[in-house]
Amino acid sequence: MANEDITSIIKEQIKQFGDDLKVEQTGTVTEAGDGVARVQGLSTVKANEIVQFENDVFGLALNLEEDTVGVVILGDYLGIKEGDEVKSTGRIVEVPVGQEMIGRVLNPLGQPVDGKGNIKSSDTIEVEKIAPGVVERESVNQPVQFGVKVVDGLVPIGRGQRELVIGDRGTGKTAVCIDAIINQKGGDLICIYVSIGQKASKVANIVNQLEVNGAMDHTIVVTANASESAALQYLAPYAGCAMGEYFMSQGKDVLIVYDDLTKHAWAYRQMSLLLRRPPGREAYPGDVFYLHSRLLERAVNLSDDYGGGSMTALPVIETQAGDVSAYIPTNVISITDGQIYLEPDLFNSGIRPAVNLGLSVTRVGSSAQTKAMKSVAASLKIEMAQFRELESFAQFGSSDLDDATKKQLDRGQRILELLKQNEASPVTMQQQVCLFYMVNEGVFDDIPLEKVKEFELSWYDYAESNLDKVLDNIKTSGELSDDDKKIVSDVSLKYKKSMGY
């Protein structure tokens with residue numbers, strides 16, 4: 001009887017025995033320090049795979065060598081020591097994605113750091129992905145409205161473009177990018193701001209600025225502060241890009257800012273040297289070009305057959321004493337479709353945004369502008385180019401100049417004054433079109449230079465109430481008709497007279 005009981009118990013246990021056995025590959029730490037560990041025994045580990053240490057700290061397998069694996073540690077590395085066990089997870093590094101991320105501040109692993117609770121997202125995407133091929137792409141033909149006159153008018157940027165924002169420290173690079181994000185309020189662009197190696201206080205100020213201007217409703221902030229490990233700073237832009245690709249795959253348009261890729265390259269150099277990769281120029285590893293090219297190539301305007309979404313990238317590069325010929329700046333210049341160059345001398349002389357129009361260029365050109373903007377901004381570019389030439393000549397002797405040259409210099413100075421703009425004060429496309437048309441018609445030519453800015457700022461309010469139909473026409477059709485031109489001319493001259501000019 002007892003034997004039958006034992007037999008039945010064994011049979012029951014055999015029935016209940018599941019096949020949920022889990023096989024894990026484990027390795028051993030042979031060396032650890034400075035945020036890097038060498039692990040032996042993980043023979044089947046993949047590149048960019050997440051591995052787990054004993055104290056629930058994760059690492060990223062980067063160097064796959066013959067006997068060992070070089071792992072960069074994503075958390076606190078001080079508790080990891082020689083002899084510790086390491087488990088392979090089989091998962092390539094990935095981030096959670098979804099609508100729930102909008103309005104939140106996250107770390108590069110997709111975990112919230114804003115104290116607003118957890119994010120419930122079931123979808124994840126691998127942070128590294130091969131960029132879409134030529135067949136999947138379409139030429140850039142729709143503008144990204146910055147709300148910044150000098151950019152929208154003279155250095156236009158299109159959806160799917162990669163436009164570098166470059167300049168020395170403290171020249172307003174971040175401010176231009178934040179203005180672009182603020183200007184998307186109420187629009188259809190989803191924005192992602194990736195902060196790499198910045199001070200936590202700076203990131204907090206940016207988030208506060210976005211909240212005050214109502215821009216966090218369409219923005220995700222991904223941050224790897226200066227106090228974070230080099231591995232997290234390295235991952236940050238790829239994580240932000242993956243989040244953007246999720247929305248792009250749904251046919252939406254995304255604007256992503258990488259602030260800044262100089263610090264990203266520093267973090268990668270630090271990791272590479274600790275992993276004992278051979279250093280090259282300026283101690284960067286040989287694949288530092290590929291580091292940024294594989295990231296920026298993922299910015300694309302997809303054709304309708306592939307969903308029709310787009311991702312526009314604004315990488316930021318910080319130069320030292322205006323040296324754009326340094327290693328990282330030249331690398332990124334050669335990858336991108338143009339650059340907005342911000343100059344310290346212009347910034348210090350009060351021209352803000354301090355865009356140097358001679359060195360700034362967009363390789364997409366006016367194909368990223370509406371017909372209305374194209375018609376009024378084309379002559380403006382020529383006038384500014386001529387003004388710069390004449391200005392350099394005029395320094396040698398302004399008294400000998402003929403009337404036509406003096407008139408051209410005066411107009412150039414007024415255009416320069418009109419292109420100045422305060423932070424977080426975007427100007428709509430239709431208002432810009434009217435303003436540039438007025439410049440071309442000579443409305444500002446006889447207004448004293450010191451009064452031009454005052455006239456411009458008061459004009460916007462006047463135009464909203466007296467040119468509402470014209471502004472609506474420009475906004476909906478994207479064109480400035482002959483009838484609308486006549487109305488703008490009449491209303492502007494009437495307003496000018498009422499102001500006493």
Side-chain angles (χ1 to χ4, degrees), residues 95-99 101-108 110 125-129 131-132 137 140 142-146 151 157-166 173-174 176-185 187-198 203 206-207 210 215-224 233-264 291-302 307 309-317 332 335-340 364 368:
V95 285
V97 291
Q99 198 71 28
M101 311 301 236
I102 296 175
R104 302 299 298 271
V105 183
L106 315 162
N107 69 12
I125 286 185
E126 289 181 6
V127 299
E128 292 271 13
K129 185 184 168 191
R137 294 170 183 255
V140 174
Q142 262 190 303
V144 174
Q145 301 292 354
F146 267 54
V151 176
I157 291 158
R159 297 188 179 193
Q161 193 176 339
R162 300 149 301 176
E163 182 82 1
L164 172 63
V165 181
I166 186 168
K173 300 184 297 297
T174 302
V176 168
C177 297
I178 295 302
D179 281 356
I181 292 173
I182 289 169
N183 194 49
Q184 308 315 319
K185 184 180 174 183
D188 58 347
L189 263 177
I190 293 164
C191 301
I192 300 169
Y193 176 78
V194 182
S195 167
I196 309 156
Q198 309 284 354
V203 180
I206 287 167
V207 172
L210 292 172
M216 275 308 280
D217 296 340
H218 61 261
T219 306
I220 301 169
V221 176
V222 179
T223 174
Q233 291 181 42
Y234 157 74
L235 271 181
Y238 300 105
C241 189
M243 292 173 194
E245 280 174 335
Y246 168 79
F247 294 108
M248 183 173 74
S249 66
Q250 297 177 337
K252 295 177 181 174
D253 295 313
V254 179
L255 174 69
I256 185 162
V257 177
Y258 303 114
D259 191 10
D260 64 62
L261 291 188
T262 306
K263 293 187 178 71
H264 184 236
L291 172 80
H292 290 149
S293 64
R294 73 178 191 262
L295 171 72
L296 295 171
E297 280 298 320
R298 288 161 74 178
V300 58
N301 183 30
L302 291 171
S310 75
M311 182 152 63
T312 310
L314 295 178
V316 178
I317 287 284
V332 183
I335 297 163
T336 50
D337 308 314
Q339 68 274 348
I340 295 170
V364 170

Task: Check: Cys191 and Ile220 side chains under 4.5 Å, non-hydrogen atoms - done: no
- [ ] To the nearest 0.5 angstrom, please state how far the CG atom of Leu189 sits from the CD atom of Gln142.
- [x] 9.0 Å
TODO: Please lay out, stage by stage, how Asn183 and Asp179 fare under the test side-chain contact (heavy atoms from CB on, under 4.5 Å).
DONE: CA-CA 6 Å; Asn183 194 49; Asp179 281 356; over 6 Å; no
Open item on the list: Restricting to ring-ring contact (aromatic ring centres under 6.0 Å, His included), what partner residues turn up for Phe146, sequence neighbours left out?
Closed with: none
Task: Close side-chain approach of Thr223 to Gln198, heavy-atom, < 4.5 Å - done: no
- [ ] To the nearest 0.5 Å, tell me how far Tyr246 OH sits from Gln99 CD.
- [x] 7.0 Å
Task: Step-by-step side-chain contact (heavy atoms from CB on, under 4.5 Å) determination, Thr312 to Ile256 - done: CA-CA 6 Å; Thr312 310; Ile256 185 162; over 6 Å; no
Task: Flag side-chain contact, heavy atom, 4.5 Å: Thr336 against Gln161 - done: no
Task: Side-chain heavy-atom pair Ile157, Pro143 within 4.5 angstrom cut-off - done: no
Open item on the list: If you define the side chain from C-beta out and look only at heavy atoms, does anything of Val222 sit under 4.5 Å from Asn107?
Closed with: no
TODO: Determine whether Met216 and Arg104 make a side-chain contact, defined as any pair of heavy atoms from C-beta on separated by less than 4.5 Å.
DONE: no
Open item on the list: Does Phe247 form a side-chain contact (heavy atoms from CB on, under 4.5 Å) with Met311? I'd like the steps, not just the answer.
Closed with: CA-CA 9 Å; Phe247 294 108; Met311 182 152 63; over 6 Å; no
- [ ] Please determine, by modelled atom types, if Asp253 and Ser310 share a side-chain donor-acceptor pair under 3.5 angstrom.
- [x] yes
Open item on the list: To the nearest 0.5 Å, what is the distance between CG on Asp217 and CD on Gln184?
Closed with: 13.5 Å
Open item on the list: Side chains of Tyr258 and Cys241, heavy atoms from C-beta outward: is any pair under 4.5 Å?
Closed with: yes
TODO: With the side chain counted from C-beta on, respond yes when Pro315 and His292 share a heavy-atom pair under 4.5 Å apart, and no when they do not.
DONE: no
- [ ] Show the numbers, then the answer: is there a side-chain contact (heavy atoms from CB on, under 4.5 Å) between Tyr193 and Asp259?
- [x] CA-CA 8 Å; Tyr193 176 78; Asp259 191 10; 2.5 Å; yes
Open item on the list: Could you measure the distance from the CD atom of Glu245 to the CG atom of Leu302? Nearest 0.5 Å is fine.
Closed with: 9.0 Å
Task: Distance (rounded to the nearest 0.5 Å) between Leu255 CG and Leu314 CG - done: 5.0 Å
Open item on the list: Salt bridge check, Lys129 against Glu297: does any charged N sit closer than 4.0 Å to a carboxylate O?
Closed with: no
TODO: Calculate, to the nearest 0.5 Å, the distance between atoms CD1 and NE2 belonging to Ile317 and His264 respectively.
DONE: 10.5 Å
